[in-house]
Amino acid sequence: MNYNFGEIEKRWQQYWIDHQTYKVSEDSAKPKFYVLDMFPYPSGAGLHVGHPLGYIASDIISRFKRQQGFNVLHPMGFDAYGLPAEQYAIQTGQHPAITTQSNITRYREQLDKIGFSYDWSREVRTCDPAYYKWTQWAFIRMFNSYYCKQADQARPIAELTEVFSQQGTSGLNLACSEPITFTAEEWNSKSEKEQQEMLMNYRIAYLGDTMVNWCPQLGTVLANDEVSEGLSVRGGYPVEQKKMRQWCLRVSAYAQRLLDGLDKLEWSESLKETQRNWIGRSEGAVMRFSTSQEISFEIFTTRADTIFGVTFMVLAPESELVKQLVTAEQLEAVQNYIDKTKKKTERERIADKSVTGVFSGSYAHHPFTGELLPIWISDYVLAGYGTGAIMAVPAHDSRDYAFARYFNLPIIPLIDGCDVSEESFDAKVGIMVNSGFMNGLTVREAIPAAIEEVEKRGLGYRKINFRLRDAIFSRQRYWGEPFPVYYKEGMPYTLNEEELPLELPEVDKFLPTETGEPPLGRAKNWQTSEGYPLELSTMPGFAGSSAYYLRYMDPHNSDVLVSEDANSYWRDVDLYIGGTEHATGHLIYSRFWNKFLFDLGVSCEEEPFKKLVNQGMIQGRSNFVYRIKGTNKFVSLNLRDQYDVTPIHVDVSIVHNDLLDMDAFRNWSPEYRTAEFVLEEGRYVCGWAVEKMSKSMYNVVNPDDIVENYGADTLRLYEMFLGPLEQSKPWDTNGIDGVHRFLRKIWNLFFKEGMLAVSEDEPTKEELKTLHKLIRKVTYDIEHFSFNTSVSAFMICANELTSLQCRKRTVLSDLTVCLAPFAPHIAEELWSQLGNTSTVCDAQWPQWNEAYLKEDSFPYAISFNGKSRYILDFPADATKEEIEKAVLEHPNSQKWIDGNSVKKVIIVPKKIVNIVL
RNA sequence: GCUCGGAUGGUGGAAUGGUAGACACGCAAGACUUAAAAUCUUGUGACCAUAACGGUUGUGCGGGUUCAAGUCCCGCUCCGAGUACCA
């Protein structure tokens, strides 16, 4: 009987389906374990070999935990809303639902071939109305909530209107867009519409006029995490700043909790750091500056200690203050400057590092010295951060320094001995000078002292600022969740929860309307039953992925997002595996969303993902042939220097171990039909390079092909064997034979000349040692996500058992159980061949026995005067005297002792044995 | 600029401060074969040496701690990732 992986894998996959092997339900008798993959967006290209990497790792953990007696929840679904399907729809007219469905079908086929232990009965799709009902439901709840900073949680907005009518805003500390105060009388005298407008200031989901990232090519706004270096992440189109009225989520209200929560999570330090930077907490002070005009304005600074070094002020061009502070003489120059900066896209503004700015004509008064400080306008100050205005301290801030140098403004150094002739001194160290009451203090002491003084004099107050902005939640697109919102007299109202889901309507075209409205403007009867118009934007991609892990707990419940029973059993995700690219997007939004649901009492854990592992990216490994210029002749890699050649990408599927299949190459493209080759040693060797996996580089490897040629078990093992899970690495099919060979070796331990040849004899001590070494190593490795070394451990074990000719049932049985998480198909087959009637996934994970692992001998390190060292083996129970004697009699030691005046010999196993001569 | 990673043979990569290079690929030699493929066996960091034993050196560079450093500490170089006028 040969290892016929194709037949075995197909048969067992069918068995698992027929027996619903991986279906799980709540079981209070067992501890739970929730293993989650980041669900994929089903793109048209299908899966390449890099996608399953994380899925294989999570599947190994799932199967392992199940064998250890856990009740494992391991679901999968699809993040089905997204731009590519819609872009494709615009080009072809094909409805995105159809494209998405066929892509999902293809993904599912590809995933099924790899033998994952998903409970597919729990599948969710974000575009399914039964699913997005709960996305819309959460939105309604956010709309109907405000954030109370005293209680530090979200609360129903009805509570707030009650309080407003009794005491106005007095005594309240609320997260809001604009800080405003009013009395109960003022509130009560407002009209319904005016009250609604004021409530917008506090809702967690609110409609706000904000500067947004507008992408003209995509025809939609984008969130900050969807923009990178001024270009859209999807598509790479330029993005510009534009003021628009948009739905927003008050994520910023949760900034501190999002920051604090990180400490308790088992995430990689680098990912936590990325989130900390994104949240961007900075402690400082707000200071008020009066001006030569009627008004005064506030700035934010983290360096209050540098107040005596302020020589000018700067406003962001978009700041409201500009209008108020510009003088008549400067009006034209300022207007020109603002027009110029407005024309720049975000990208140009970032790329252009040259110093620009214009004087407003006004002056601010220095709060301590009363000196006049010119107020400038420059785009190096951002409208969106702090107050959109700064105090400039050129001596101690490099940007202020560059500006001061360019416009010839004074620079006052404040730290003893610092040299600001060439550059600013930004470091927060040194002794203060030229600083009035702070003179003689260190910078560390001066910062709090300055804030204290500012507060005492009533010039400002301590303030913590966050970089984290509210999430912009509207997209002017078709293929997304519709908002459960309608408009009455221009004010938004949400639908009742009973009216959900509000299904995505059909449209004739997926483009904006002639009047520039989003595609939903084309939908017929897009209004409530009372005839009020419905919202035309749809929700962004991250909406549907923000709470999907909760839905998996109870995916078919039509009454609630997740029942209390299901939620209190599954609680949170014990292990989440996915890519780092979601660090500042999905992983922030999800945490925010979950915290909101936690405040509502829907989710019983405040953090959704306890442990998170980022699998590395699998890059492509391209192959090249070298064409001699102007010919159809190709020269092998190591001879190419002798010719003038052009490297050409060649499809990796016709290259094996970097050797070109020349016939296949001639058939690959008509262009190469007549290709000739210059060979080395009769072979054509291709060059290679690590590049992104993409069609144009001909380096995409499809997992289906690997499964076809080597089997799913080989693919699974090989992906793990490639290197550490978290490391990015190129895919290189070259080494796969070794892994495949290992599986055949395992197979051959069971079968001899086509027959099962398993012995019932008791295993020997040596055989037990080999087995238990494996169990210990693999158990440890799985718990530490070191799958590459566990595959090695299996290979060593197989080699040892082969050379021991070990065919003992007890040994092979445990070996099979250990192998099951990695290579489930072959393990099932061997397990059933051993006569078991249950599946190997329900077999108990074996425990190793230390007694079998005891070493007979132990290596001792012997060093002479700390200058040389030998390692000698001694029996584990050797006494100090025996070791001493043996060391001194050892020829190497004698040689060493004779030629050198040795005073001290040290023998070190775990404990040090000193021999003093 | 800042933050976080990383640097070990021809290649991918192993090494709780304790025999560096496990395991695998590749390569070489051998066995089987008419031959090739497949399979199996042996060898494989570099240098020196040998009939054989063996020796020297070696984990990006320079220091340090230690009986002992790829691993810990200090200072560099290079590479990768993220982030960026965040005051």
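Order of the sequence lines fixes the chain letters, A, B, ..., with proteins taken first and strands second; residue numbering starts at 1 for each chain. These values consider heavy atoms only, across backbone and side chains, with no hydrogens, waters or symmetry-generated copies.
Residue-to-nucleotide proximity on RNA chain B shows that, of A:D732 and A:I796, the 5′-proximal contact is made by A:D732. Residues A:E273 and A:P730 each lie close to RNA chain B; by heavy-atom proximity, the contact nearer the 5' end of the strand is made by A:E273.
Rounded to an integer number of Å, the gap from CG of A:D661 to P of B:A37 is 15 Å. Rounded to an integer number of Å, the gap from CZ of A:F403 to C1' of B:C85 is 12 Å. Spacing between atom NE2 of A:H396 and atom P of B:G1 amounts to 21 Å, rounded to whole angstrom units. The interatomic distance linking A:I618 (CD1) with B:G13 (P) rounds to 10 Å, in whole Å. In this structure, A:Y710 places its OH atom 12 Å from P of B:C25, rounding to the nearest Å. Taking atom CZ of A:R281 as the reference point, atom P of B:U3 lies 19 Å away to the nearest angstrom. In this entry the distance linking CG of A:N799 with P of B:U41 reads 8 Å, nearest Å. A straight line from NZ of A:K729 to C1' of B:U11 spans 16 Å, rounded to a whole angstrom.
Residue A:R276 qualifies as enclosed at atom CZ: its count of foreign heavy atoms under 6.0 Å is above 12. Counting heavy-atom neighbours within 6.0 Å of A:M617 CE, excluding the residue itself, gives a total of 12 or less. Within a 6.0 Å radius of CD in A:E422, other residues, nucleotides and ligands contribute 12 heavy atoms or fewer. Within 6.0 Å of CD on A:E783 lie more than 12 heavy atoms contributed by other residues, nucleotides or ligands.
Of the candidates B:U83, B:A87, B:U39, B:U39 carries the atom nearest the A:R744 side chain, counting heavy atoms from C-beta on. Closest to the side chain of A:Q727, from the set B:C23, B:A84, B:G13, is B:G13. Nearest to the side-chain atoms of A:M795 among the listed nucleotides B:C4, B:C23, B:A87 stands B:C23. With B:G82, B:G13, B:A87 as the candidates, the nucleotide lying closest to the side chain of A:T274 is B:G82.
Taking the P atoms as reference points, B:U57 lies 25 Å from B:A7, given to the whole Å.
Residue A:Y385 places at least one side-chain N or O under 4.0 Å from the OP1 or OP2 atom of B:A87. Phosphate proximity of B:A84 to A:N277: absent, as no side-chain N or O sits under 4.0 Å from OP1 or OP2. A sub-4.0 Å separation between OP1 or OP2 of B:G80 and a side-chain N or O of A:Q619 is absent. Within the structure, a side-chain polar atom (N or O) of A:R741 is placed less than 4.0 Å from OP1 or OP2 of B:U39.
Figure legend. B:U19 is base-paired to no nucleotide; pairs are counted as Watson-Crick or G-U wobble with both atom distances under 3.5 Å. Figure legend. B:A14 is base-paired to no nucleotide; pairs are counted as Watson-Crick or G-U wobble with both atom distances under 3.5 Å. B:A84: no Watson-Crick or G-U partner with both key distances under 3.5 Å is found in any strand. As the counterpart of B:G5, B:C79 is assigned, both hydrogen-bonding distances of the Watson-Crick or G-U wobble pattern falling under 3.5 Å. In this structure B:C72 sits in a base pair with B:G64, meeting the Watson-Crick or G-U test at under 3.5 Å. Nucleotide B:U41 forms a pair with B:A29, judged by Watson-Crick or G-U wobble geometry with both contacts under 3.5 Å. Across every strand in view, B:C47 sits in a pair with B:G55 that passes the Watson-Crick or G-U test at under 3.5 angstrom.
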**Message:** For a side-chain hydrogen bond (donor to acceptor under 3.5 Å, both in side chains) check, start with the C-alpha distance between A:D781 and A:T789, then their side-chain angles and the critical distance, and finish with the verdict.
**Reply:** CA-CA 7 Å; A:D781 281 350; A:T789 52; 2.9 Å; yes
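Glycosidic conformation of B:G58 is anti; the angle lies outside 90° of 0.
Using a 30° and 60° split on the angle between ring planes, A:F787 and A:F785 fall in the perpendicular class, above 60°. Using a 30° and 60° split on the angle between ring planes, A:Y718 and A:F721 fall in the tilted class, from 30° to 60°.
Residue contacts shown for A:E269 are absent, as no nucleic acid heavy atom lies under 4.0 Å away. In this structure, A:S792 reaches the bases: a heavy-atom distance under 4.0 Å links it to at least one base atom across the strands shown. Residue contacts shown for A:D400 are absent, as no nucleic acid heavy atom lies under 4.0 Å away.
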